[in-house]
Amino acid sequence: MTKINQLIAKHFAGDISNEEMSQLKEWLDSSEDNRLLFNDLKQSWESFNLPASSEDKFRVLSKVKARIKTDEIKEDKVVRPLFNKVWYKYAASLIVIVSVSILAWYQLNEPFSVLNTLGYEVNQCEAGTHEKLILSDGSQVFMNGDSRIKYKMNAEGSERIVYLEGEAFFDVARDEKKPFIIGLDDAEVKVLGTSFNIKAYPGDHSVETSVVTGKVAFNHMHGFLKKNKESMFLVPGQKGVINHSSDSFDQLSVNNELDIAWMQKKLNFKNTPLLEITKQLYRMYGVKFKLTDGSLEDLKITASFENEKLEEVMKILEMMSEFSYKQENNLLTIGKKGEF
């Protein structure tokens, strides 16, 4: 299942980000065949309706898993010449099946899919901006760029539940009878009333929870169907980190002020790889980055900035490091020293 298949599926679901839409558009513009294939998929999708009941969801999910596995085996075994019309039709049909399968899986499992946001308020904070929310219980949420959160207004029940992708600082109104729970990818944070920062961007190698006041329960769900659960309690001066690469779950003693520095537009890099730096700069300034050489990704940099313009940040980083850069509109390209 290629990245393009995933982008097409998310586009059909109406849940594709601006960055992902740009990638899809670039693929469509690259050839007439791509546009024709996309139109075929679109026509097939428009005749497809996803069941909404719980019973149907599980039935579709089971069929999806089996069909994906079958199609991947067939694709591995069959070898056909390129540009053959029969092969093209087969490929189009296969991509329809795979794209619909991906979309069904996405709709059933992703917290922010169209299906799973019915009845919820969803707030999106675009890259280059910050946003403050005040929930119905009085809790405050400060969102970093390229983040989104979903919640129910005036929700009844014994718990207050929100879901986060990205980064946000929470100042939770205390209610001992209704715990406040933040759902994350493979994790959750549970509190009664406290303040803390969560960093949980899709695609990052880690999920982090850093406590400023009070006490926080940080739970890590993993294993088959996420049935295995590890827990830790965090107090001020501590941070919990889930590392997806090593599947570790660690409690660290830290300066929590550094974890919320983004709220004052502060940047603190300490032997930070250039790839990670570009992610933080994108979230703060809303400018996209491209590295011309893969070896630049691991270039380590130590520097600090406070409320600086991107142009000043890049000039200083260029002087300190072995790279050069150029900016055209909303794209900043970084290359080796002397390349630009």
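Side chains included, hydrogens not; waters and symmetry mates left out as well; all remaining heavy atoms used.
Just one residue in the list Glu276, Glu167, Glu165 forms a salt bridge (charged side-chain N to carboxylate O under 4.0 Å, His left out) with Lys199, and that residue is Glu276.
Residues that satisfy the side-chain contact (heavy atoms from CB on, under 4.5 Å) test with Ser31, not counting sequence neighbours, are Asp33, Asn34. For Asn243, the side-chain contact (heavy atoms from CB on, under 4.5 Å) criterion is met by Ser245, Ser246, Ser248, not counting sequence neighbours. For Glu176, the salt bridge (charged side-chain N to carboxylate O under 4.0 Å, His left out) partners are Arg174, not counting sequence neighbours. Partners of His220 under the ring pair (Phe, Tyr, Trp, His ring centres under 6.0 Å) rule, at least two apart in sequence or in another chain, are His222, Phe249. Partners of Asp29 under the side-chain hydrogen bond (donor to acceptor under 3.5 Å, both in side chains) rule, at least two apart in sequence or in another chain, are Lys25. Partners of Asp137 under the side-chain hydrogen bond (donor to acceptor under 3.5 Å, both in side chains) rule, at least two apart in sequence or in another chain, are Ser139, Arg160. Residues satisfying the salt bridge (charged side-chain N to carboxylate O under 4.0 Å, His left out) test with Lys336, not counting sequence neighbours, are Asp293. Residues that satisfy the side-chain hydrogen bond (donor to acceptor under 3.5 Å, both in side chains) test with Asp204, not counting sequence neighbours, are Lys279, Arg283. Glu339 meets the side-chain hydrogen bond (donor to acceptor under 3.5 Å, both in side chains) test with Thr292; sequence neighbours excluded. Taking Phe289 as the reference, nothing meets the ring pair (Phe, Tyr, Trp, His ring centres under 6.0 Å) condition, with sequence neighbours excluded.
Members clustered with Val212: Phe142, Phe169, Ile260, Trp262, Met263, by chain and number, using a 4.5 Å side-chain heavy-atom cutoff among hydrophobic residues.
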Check: residues 309-322 side-chain donor-acceptor pairs under 3.5 Å, at least two apart:
from: Glu311; atom 1: OE2; to: Lys315; atom 2: NZ; distance (Å): 3.4
from: Ser321; atom 1: OG; to: Leu317; atom 2: O; distance (Å): 3.1

